[in-house]
Amino acid sequence: MGMPQATPDELLAAMLKSTLPTVFVEGDDDITILRNLEPHLGFGSIDFVGCGGRNSVLEIFKRREELDGKNVAFFADQDLWFFQGVPQEYSEIVFTEGYSIENDLYFDGSTRLNELLDEAELNFLMTLKHNVATWFAFEVERSLAGEIRDFAQVSLLSEKTMSPQKSDFHPEFLSSRDYKNPQSELLHKVLIPNFGGLRGKFLLDCYQKVFVQLRDPKRIKYSDRHLMDLCYREGIKSSNPTSRINQIIATLQAKLQ
């Protein structure tokens, strides 16, 4: 078992003793990605602090006056605010451009990821991503209508969700979710640009379905971390100043001045 997550009270108390510039983020996955940015931010050492979820980031942000004089910034995924807009009270937080940090990395590096696939794998992936995006648009539609949807618990690699080597959902799975075709405007927002509104972990599941279920065992497979690292390396290139990862760097630099 890992260490228990520190509470906002504990994180704030620890921050009062720190002299490092600090970025509060949601969790360990964000730290793994954002720690790569440290040499590019120009502040020397930076403390990236995982808060255990977006709600904790928001709570600490609300209490930021307790950190008066400290050099801090806050970073979080938009999640469903991608579709609704970020509330004005949180406008000083640095949010992802897409649904999550995985989406922003994917925006920068999807072409590089697709180069890892052969033609048959790529065709399968394109169909799979569109089917998943259509289902997810329905889940978003119901969530925005006020329903509590546990879509974060869904795995595309589960045989209860999709058969191995198949790109469509089991009818029984869709029935269990009371699935109906989503509004075309909402589906468009999930798809454009570059699946920016499709939950990033589902995007990664799509690639893993190709590697785990479609690819010959003798051929190279790539973990989620490998895929995100490839995307990061594409985005960080100095020849790509408008990449989303470079935009995150610029925004965090401004917040930490």
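- Taking the centre and axis of the six-membered ring of F82, the NZ or CZ atom of K189 falls inside the cone set by 45° and 6.0 Å.
- Under a 3.5 Å cut-off, the side chain of E234 and the backbone N or O of Y106 do not form any donor-acceptor pair.
- With F48 as the aromatic partner, R35 does not meet the cation-pi criteria of under 6.0 angstrom to the ring centre and within 45 degrees of the ring axis.
- Looking only at atom types and distance, the side chain of H226 has a donor-acceptor partner in the side chain of S223 under 3.5 Å away.
- Ring geometry for F74 against F24 counts as parallel: the plane angle stays under 30°, on a 0 to 90° scale with 60° as the upper cut.
- Without hydrogens or angle criteria, E121 side chain to R215 main chain gives no donor-acceptor distance under 3.5 Å.
- Side chain of D108 to main chain of S243: no donor-acceptor pair is present (N/O by atom type, distance under 3.5 Å, no hydrogens or angles).
- With salt bridges taken as basic N to acidic carboxylate O contacts below 4.0 Å, none links E26 and R54.
- Figure legend: cation-pi geometry between R199 and F202, with NZ or CZ positioned under 6.0 Å from the six-membered ring centre and within 45° of its axis.
- Within the cation-pi definition used here (under 6.0 Å to the ring centroid, within 45° of the axis), R177 does not qualify as a partner of Y179.
- Side chain of S56 to backbone of G52: no donor-acceptor contact under 3.5 angstrom is found.
- With hydrogens and angles left out, the side-chain atoms of T96 and D104 include no donor and acceptor closer than 3.5 Å.
- Look at R64 and E59 and you find no salt bridge, because none of the NZ, NE, NH1 or NH2 atoms lies under 4.0 Å from a carboxylate O.
- Salt bridge status for K180 with E141: absent, with no side-chain N to carboxylate O gap under 4.0 Å.
- At least one donor-acceptor pair under 3.5 Å links the side chain of N246 to the backbone N or O of N240.
- Under a 3.5 Å cut-off, the side chain of Y90 and the backbone N or O of K62 do not form any donor-acceptor pair.
- Using the six-membered ring where Trp is involved, F211 and Y207 have ring planes that are tilted, between 30° and 60° apart.
- Neither side chain, T111 nor N114, offers a donor N or O lying under 3.5 Å from an acceptor on the other.
- Counting only N and O atoms by type, the side chains of N103 and S100 include a donor and acceptor under 3.5 Å apart.
- For the pair E115 and R112, the salt-bridge criterion is met [side-chain N within less than 4.0 Å of a carboxylate O].
- Remark: aromatic rings of F61 and F75 are distant, center separation not under 6.0 Å.
- Side chain of Q213 to backbone of Q165: a donor-acceptor contact under 3.5 angstrom is found.
- Between D229 and R233 there is a salt bridge, since at least one side-chain N of the basic residue sits less than 4.0 Å from a carboxylate O of the acidic one.
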Inset, instruction - Take E102 and M228, measure what side-chain contact (heavy atoms from CB on, under 4.5 Å) needs, and give me the verdict at the end. - result: CA-CA 7 Å; E102 291 91 346; M228 290 296 92; 3.9 Å; yes
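- At least one donor-acceptor pair under 3.5 Å links the side chain of S176 to the backbone N or O of F173.
- A salt bridge is defined here as a Lys NZ or Arg NE, NH1 or NH2 lying under 4.0 Å from an Asp or Glu carboxylate O, and D216 with K221 fails to meet this definition.
- A distance of 6.0 Å or more separates the ring centres of F151 and W135.
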